[in-house]
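Report on the structure given below.
Throughout, protein chains are lettered first and strands after them, A, B, ... in sequence-line order, and every chain is numbered starting at 1.
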2 protein chains.
Amino acid sequence: MTVKLGRAVQLDDLDRNILRALQADAGQSLDEIARQVGSSKTPVWNRIRKMRDAGVMGPSTVVVDPETIGLDACFFVLIRTSEHEAEWQQLFLAALRARPEVQEAHRLAGEIDYILKVRVANARAYDVFYQALISEVRVFNVTALLSMEEIKSSTALPL
Amino acid sequence: MTVKLGRAVQLDDLDRNILRALQADAGQSLDEIARQVGSSKTPVWNRIRKMRDAGVMGPSTVVVDPETIGLDACFFVLIRTSEHEAEWQQLFLAALRARPEVQEAHRLAGEIDYILKVRVANARAYDVFYQALISEVRVFNVTALLSMEEIKSSTALPL
DNA sequence: CCTGAAACAGAACAAAA
DNA sequence: TTTTGTTCTGTTTCAGG
């Protein structure tokens, strides 16, 4: 298990420019990146390695278009619960982490306790997921928001 | 401008295994991937190229840890509007697309019209964003949900 | 910490089974 | 459609400024 250490690593402009280039396309050659950021191969490579080691960047991934693989439905699920004990929470978190259709899960401040982003093939598949979830853990209230259109979806963070 | 064509490309088990491997780590060599999926370099490479061309995969990116670069606050924003004209919508979408702190934006079915995922440095930065947004476009009602804890965040789709 | 170069690994493609 | 082989581009390392 990897421990999450590094709080707020200090990055200079060159680091940030490199990150920007990698977020845009991680498949670029060092030469291309060096040219974009106005530096040369070795310093770029050193900084990439430094940031990797510091945990600033994770491994690179490919973004897969959900619709081409038949995942046409996306739901945001708002969950309220009456249970707030540690034991219940562990069970709930484990259930979420185990389900690949849950792309994101956040614990919230305020009235609503949790929000999930769930990707499934269709409404029927969402219902299967929903039934399975509420049979595993007790929740007080669930609201599902169905996405009609993905206006924007960006993995890139503003630097 | 790239046109989004390909509906539901047909993928076989080998394709799916390759995608899985690439989602886990796009930086792997063809040999490693080939070994994982029980095939060899060239067929793997051919399928990757085929899937790239078909638009199944986008470019590869690195996942940057928000907290190491000082983006400590994440909000989900639920928006209701009374305006449903095409002109207003275009303005609204353009505003969202132009703001890098908006990581995701969906148009919804039902009571709530839009949901946004917004990443900023702190609550103060969120307020700046919020004020700027409502000064650009008229919205009827806005609810912000503050994330206390990111339980799960996965870019990988279930295959 | 950067520049440049040399050594090495892997990707891209072609041919042929 | 896979296997094998060749070429060439890009990564990694290292010596010197």
Per S29(B) side chain, nearest of listed nucleotides dT11(D), dT3(C), dG10(C):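 Nucleotide nearest to S29(B)'s side chain: dG10(C).
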Taking the side chain of S40(B) as its heavy atoms from C-beta onward, which of dC2(C), dT2(D), dT3(D) lies nearest to it?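 Ranking dC2(C), dT2(D), dT3(D) by closest atom to the S40(B) side chain puts dT3(D) first.
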Please report, rounded to the nearest Å, how far the [atom2] atom of [N] is from the [atom1] atom of [X].
X: R49(A); N: dT11(D); atom1: CZ; atom2: C1'; value: 13 Å
X: E32(A); N: dG10(D); atom1: CD; atom2: C1'; value: 10 Å
X: I48(B); N: dT1(D); atom1: CD1; atom2: P; value: 16 Å
X: K41(A); N: dC1(C); atom1: NZ; atom2: C1'; value: 18 Å
X: N46(A); N: dG4(C); atom1: CG; atom2: P; value: 15 Å
X: L14(A); N: dT3(C); atom1: CG; atom2: P; value: 10 Å
X: K50(A); N: dC1(C); atom1: NZ; atom2: C1'; value: 12 Å

Name the nucleic acid region contacted by [X], choosing base, sugar-phosphate or nothing; use a 4.0 angstrom heavy-atom cut-off, strictly under.
X: Q28(A); answer: sugar-phosphate
X: R47(A); answer: sugar-phosphate
X: L30(B); answer: sugar-phosphate

If you assign each of P43(B) and D31(A) to its closest nucleotide in DNA chain D, which residue comes earlier from the 5' end?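 Looking at the nearest nucleotide for each, P43(B) comes out on the 5' side.
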Does a donor on one side chain and an acceptor on the other come within less than 3.5 Å for N46(B) and R49(B)?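 No - no donor-acceptor pair under 3.5 Å links their side chains.
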Check this one for me: any side-chain N or O of T42(A) less than 4.0 Å away from OP1 or OP2 of dC2(C)?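 No, no such contact exists.
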Compare side-chain N and O positions of W45(A) against OP1 and OP2 of dT11(D) and report whether any pair is under 4.0 Å apart.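 Result: no.
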So, for T61(B) and A24(A), which heavy atoms are closest and what is the spacing to 0.1 Å?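 T61(B) and A24(A) have their closest heavy atoms at CG2-O, 4.5 Å.
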Could you tell me if the side chain of [Y] sits less than 4.5 Å from the side chain of [X], heavy atoms only?
X: I48(A); Y: L30(A); result: yes
X: V77(B); Y: Y130(B); result: no
X: L91(B); Y: E136(B); result: no

